[in-house]
Amino acid sequence: MASYYDFAEKFEIGMKIMEIVNEGAISRRTAYRYKAYYDELKKTGERENGRE
């Protein structure tokens with residue numbers, strides 16, 4: 001999970017997926033998997049907060 005949290009933190013400050021991948025900590029496939037997970041968590045959070 002530490003790898004995901006590192007990805008999410010960088011993504012939230014505005015880094016592009018390929019910039020994160022180019023740092024060498026995760027593969028492109030993993031980055032896109034994390035992005036899908038990130039989007040799903042955000043969508044679920046909005047639903048729970050009554051925004052959807």
Side-chain angles (χ1 to χ4, degrees):
M1 287 304 289
S3 177
Y4 167 75
Y5 290 129
D6 185 48
F7 167 85
E9 182 179 299
K10 291 175 182 177
F11 188 73
E12 287 178 348
I13 63 170
M15 287 183 75
K16 293 180 173 40
I17 289 176
M18 288 312 296
E19 291 173 330
I20 298 169
V21 169
N22 288 336
E23 289 186 344
I26 59 174
S27 70
R28 184 172 62 183
R29 181 177 180 173
T30 298
Y32 281 103
R33 207 173 315 140
Y34 285 172
K35 173 69 167 72
Y37 182 66
Y38 176 87
D39 289 343
E40 189 61 32
L41 286 178
K42 291 297 178 187
K43 188 168 72 172
T44 302
E46 289 177 1
R47 211 176 297 140
E48 290 174 358
N49 292 328
R51 294 184 188 158
E52 190 172 325

Testing the basics here: between Val21 and Ser27, what is the closest heavy-atom pair and its distance to 0.1 Å?
CG2-O, 3.9 Å
When rounded to the nearest 0.5 Å, the distance separating CZ of Phe7 from CE of Met1 is 12.5 Å
side-chain contact (heavy atoms from CB on, under 4.5 Å), paired with Tyr34, selected from Ile20, Ile17, Asp6, Ile26:
Ile26
What's the shortest heavy-atom distance between Lys35 and Asp39, and which atoms?
NZ-OD2, 2.7 Å
Restricting to side chain to side chain contact (heavy atoms under 4.5 Å, CB included), what partner residues turn up for Glu9, sequence neighbours left out?
none
Determine whether more than 12 heavy atoms belonging to other residues, nucleotides or ligands lie under 6.0 Å from atom CZ of Arg28.
no
Where Glu19 and Lys16 come nearest, the two heavy atoms and their spacing
OE1-N, 2.8 Å
Spatial distance of atom OH (Tyr5) from atom CD (Glu12) [nearest 0.5 Å]:
11.5 Å
With Tyr38 via ring-ring contact (aromatic ring centres under 6.0 Å, His included) - residues at least two apart
Phe11
